[in-house]
Amino acid sequence: MSPLSLPIAELARRVQAGSVTAEAVARESLKAIADRRGLNAFLHVSEHATLEHASALDARRARGETLGALAGVPIAIKDALCTLDAPTTCGSKILAGWRSPYEATVVSRLRAADALLVGKTNMDEFAMGSSNENSAFGPVKNPWDETRIPGGSSGGSAVAVAAGMTLGALGSDTGGSIRQPAALTGTVGIKPSYGRVSRYGLVAFASSLDQVGPFARDVPSAARILAVIAGHDPRDSTSSAAAVPDYEAACQRDVRGLRVGVPEDYFGPGLDAEVADHVRAAIARLEADGACVVPIAMPHTRHGVATYYVLATAEASSNLARFDGVRFGLREERPGSDLGTLYDSTRSAGFGPEVKRRILLGTFVLSAGYYDAYYAQAQRVRALIRRDFERAFAQVDVIATPTSPTAAFPLGERVADPLAMYLADVYTLPASLAGVAALSLPVGRTRSRLPVGLQLIAPAFAEERLLSVAAACERAAP
Amino acid sequence: MPERWEAVIGLEVHAQLLTETKLFCACATRFGEEPNRNVCPVCLGLPGALPVLNRHAVELAVRAARAVGCALHDLSVFARKNYFYPDLPKGYQISQYERPLATGGHLEFEGEGGRKRAGITRIHMEEDAGKNVHGVGGDSLVDLNRAGTPLIEIVGEPDLRSGAEAAAYLRALRDVLVFLGVNDGNLEEGSFRCDANVSVRQVGDAKLGTRAEIKNVNSFRFVQRAIELEVARQVAILESGGRVVQETRGFDHDAGRTYSLRSKEEAHDYRYFPDPDLPPLVLDPALKGGELPELPAAKRARYQALGLTPQAAQVLTGHPGIARFFERTLALGASPVSAANLIQTEVLRDAKLHGLDAELGVTPEQVAELLRLTEAGTISGKQAKEVFVAVAGTSRMPSAVVEERGLRVVSDEGQLLPLCQKLVAENPKQVEQVRAGKKSMLGFFVGQVMKQTGGAADPKLVSALLERLIAEEKT
């Protein structure tokens with residue numbers, strides 16, 4: 001049995017016991033990555049560094065050292081996270097080949113837990129997209145059907161796990177960028193509560209929404225990665241000082257008596273019937289396990305897309321200003337050209353069309369005369385969406401919804417229609433705007449064998465509860 | 001300026017806070033390092049780097065706000081001011097906008113017609129930009145050592161009425177910040193910078209005229225001059241029936257004029273919004289209490305109460321290092337007036353003042369002992385000068401020098417009397433003048449005795465002897 005088919009805890013146990021070497025795991029992972037190169041999931045593979053690191057781990061074990069929680073576990077890193085031994089491009093031409101002089105906190109934590117950091121994964125440029133077609137380095141393909149998208153923006157990370165190249169991956173989720181590709185690739189993806197995981201070293205898209213989170217093939221494996229990366233970081237002022245509980249232990253709890261809220265607002269027009277059936281069936285299984293299903297109302301859900309695309313683009317327009325060709329990354333310069341021309345030509349050549357669209361949108365909504373009508377108004381609606389969740393969580397323990405309105409759609413289908421593309425995240429945006437904890441886990445396949453995801457949402461910092469319900473769902477799967 | 005016009009001036013001051021490290025990262029704030037040395041991912045604005053607020057900067061900003069009577073806000077918000085410039089690494093400056101740290105204070109200062117008071121609208125915290133260096137072999141270079149240095153911006157009400165008044169306000173504000181230990185008051189190095197908003201209106205008008213903002217003037221004298229020139233320019237426009245245009249102007253000292261930098265239409269839309277990387281600043285209640293250092297105005301009043309002249313009090317509060325020296329000398333038992341005199345005449349002659357540092361060459365201990373020796377009559381004033389020179393720059397104490405050189409006031413009447421008798425005998429004309437009531441001529445005789453004793457004679461005794469001799473001769 002390939003070590004790559006094991007749950008993470010089991011693989012780490014075997015590496016620690018010496019029944020499998022980290023080097024053998026590294027070789028298998030690198031081979032799988034090479035074999036599935038056609039999926040375009042990786043932008044950089046750290047072959048040499050991974051093998052060296054694996055041998056070092058084996059040597060430490062041989063000396064009797066106790067290795068970390070992710071001993072010898074191959075993990076892929078979304079290319080939005082800064083790494084020292086691999087380039088960080090964020091899927092953009094403007095950062096092509098850029099090497100960060102520092103490392104993201106989450107990457108350091110994985111390293112400290114003895115994970116094998118095999119490479120950097122493809123993504124929508126600057127995490128802006130829901131299909132991975134906005135990567136400057138070509139789209140990622142869905143391993144279940146290579147003519148279809150894997151979801152985005154963390155599509156490469158989702159595919160690395162779904163196609164068995166790694167056991168885990170880190171993604172980032174701003175409005176659904178972990179949950180939606182998890183749903184479309186049949187993996188587990190967690191968007192932690194805002195502030196649960198450090199953002200230091202995550203190239204910012206929308207700072208008030210961005211969170212780093214894990215992908216894995218099962219809930220306890222995802223829980224283990226989350227436990228490693230979560231916790232306060234003095235370098236991130238928005239990271240919470242709250243203690244990190246035992247997420248893996250939470251996966252063992254049962255759900256008897258837990259109240260599961262089902263908002264009808266998430267099951268309206270636009271939801272694919274097959275997806276709806278699978279999601280309702282999963283909720284029914286939870287009920288059969290002793291959970292109590294409660295219909296709830298989330299009336300401001302319908303404003304989620306509009307609110308998100310005002311706030312996220314506003315923040316992005318400012319966050320992306322630093323890509324100006326002066327200090328790092330692409331610099332388009334002609335002799336004698338002035339400063340304005342340097343900015344114009346660098347940013348024109350370096351950013352793709354979706355990034356430009358969002359910078360323009362974001363610049364507009366912050367402009368004098370429009371700020372109140374757009375940015376300030378969207379902040380008010382964000383407060384209402386947050387209140388929807390507060391009211392719901394006064395009644396129920398978790399909320400269950402579809403993750404994505406459809407299964408994976410064909411490559412190219414929505415490229416020319418940004419609004420249709422934006423609707424792919426309609427169910428994931430509200431939890432991001434509210435800053436609460438959410439995840440997606442696979443609950444079935446469509447008749448064309450495409451995965452369907454269930455989204456579970458819990459209050460901020462109630463990841464334990466979220467994982468208990470998700471693990472119960474996973475155990476109850478037919 | 002024709003009398004019917006009135007100038008209206010408000011100043012915006014940027015003062016660098018005296019922290020060891022930058023506002024949002026751990027880089028040093030030292031001035032004068034090699035370019036791009038004090039930088040890190042945060043102040044370079046590298047992708048993924050995040051700001052973390054410097055607590056000491058908040059403490060200093062709060063101190064400044066309290067000293068000028070501002071209301072401190074329990075909650076203030078950092079915002080992003082967005083614009084592109086090579087010295088601004090993130091493409092935005094982190095500042096405070098809608099919700100500043102403090103509002104509504106005032107500053108008292110000595111104006112032309114006596115004590116004046118000007119309002120302070122607000123004080124907010126922000127980070128400094130880096131520095132562009134132009135024309136290096138045809139290139140422009142960027143030095144980001146200064147990027148991220150903590151500043152407070154102190155926005156003044158338009159309560160000032162002349163260039164001279166603006167300069168006086170600015171001096172008083174600098175003194176306050178320097179005595180608080182908040183800022184080093186260094187205009188030349190740019191750690192204390194000023195923009196002036198200037199408009200004119202007809203006397204009696206309640207409405208303000210259209211204003212021009214003069215940017216970054218780097219000395220008190222230049223501020224006064226730039227404002228005077230700008231007021232004259234605006235009055236000339238209005239007198240000739242024209243209209244003042246709202247714009248930003250620069251100051252060219254050599255040409256003696258202000259000039260247009262950009263008009264209102266070219267002004268940036270900074271697209272301020274709350275910085276999502278920084279939670280709102282909630283003030284620690286402990287920061288709001290506690291005693292503030294004594295401010296220069298209070299010090300001056302106290303020194304005058306000790307018997308110092310207003311001028312002496314002004315000189316001794318010109319720099320916190322000098323005030324500290326004076327107060328320490330008093331604490332060692334020196335009398336205020338003689339300590340003040342010695343500090344002004346001797347100590348300050350070779351003082352080196354830079355920022356908050358004062359190199360004074362001697363210690364309060366040395367000065368206090370020297371004053372003690374002089375006042376006890378152990379050595380003369382002339383000898384005191386000699387001793388001062390001998391101890392300056394060394395760790396030797398005056399008593400040791402006096403001992404070693406055998407310095408003593410000659411107060412032996414038997415030794416001084418023959419000298420005085422001889423002088424009186426040799427200078428009958430001068431003696432006559434003294435007798436005729438020309439008291440100052442007595443000084444001539446005292447001076448001669450001092451000269452012949454190498455300054456060692458006790459001048460009081462000499463004076464008494466001479467007066468007696470001259471009076472005796474008459475009878």
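Lettering of chains follows the sequences in order, A, B, ..., and the numbering in each one begins at 1.
Using a 4.5 Å cut-off between heavy atoms, B:D277 touches chain A through backbone and side chain atoms alike. Only the side chain of B:Y92 comes within contact range of chain A, judged by heavy atoms closer than 4.5 Å. Only the side chain of A:Y102 comes within less than 4.5 Å of a heavy atom of chain B; its backbone N, CA, C and O stay farther away. Using a 4.5 Å cut-off between heavy atoms, A:F364 makes no contact with chain B at all. Contacts of A:D210 with chain B are absent, with no heavy-atom separation under 4.5 Å from either backbone or side chain. Heavy atoms of B:Y272 lying under 4.5 Å from chain A belong exclusively to its backbone.
For the pair A:E125 (side chain) and A:G352 (backbone), a donor-acceptor distance under 3.5 Å is present. Looking only at distances, a side-chain donor or acceptor of A:D236 sits under 3.5 Å from a matching main-chain atom of A:T238.
Of all the listed residues (B:P51, B:P86, B:P279), the one sharing the greatest number of non-hydrogen pairs under 4.5 Å with chain A is B:P86. Highest contact tally toward chain A, considering only B:C40, B:C25, B:A49, is held by B:A49 [criterion: heavy-atom pairs under 4.5 Å]. Ranked by heavy-atom pairs shorter than 4.5 Å toward chain B, the options A:S208, A:A206, A:P234, A:S367 are led by A:S367. Counting heavy-atom pairs closer than 4.5 Å to chain B, the top residue among A:Y343, A:Y371, A:Y370 is A:Y343. Chosen from A:L202, A:V326, A:L95, A:V365, the residue pairing most often with chain B at heavy-atom distances under 4.5 Å is A:L202.
More than 12 heavy-atom neighbours from other residues, nucleotides or ligands sit within 6.0 angstrom of CD on B:E33. Open room surrounds CZ on B:R37; 12 or fewer heavy atoms of other groups in view lie less than 6.0 Å from it.
Between B:E247 and B:R249 there is a salt bridge, with a side-chain nitrogen of the basic residue lying less than 4.0 Å from a carboxylate oxygen of the acidic one. Comment: A:K120 engages A:D79 in a salt bridge, judged by a side-chain N to carboxylate O separation of less than 4.0 angstrom. By the 4.0 Å N-to-carboxylate-O rule, B:R55 lies close enough to B:D284 to be salt-bridged with it.
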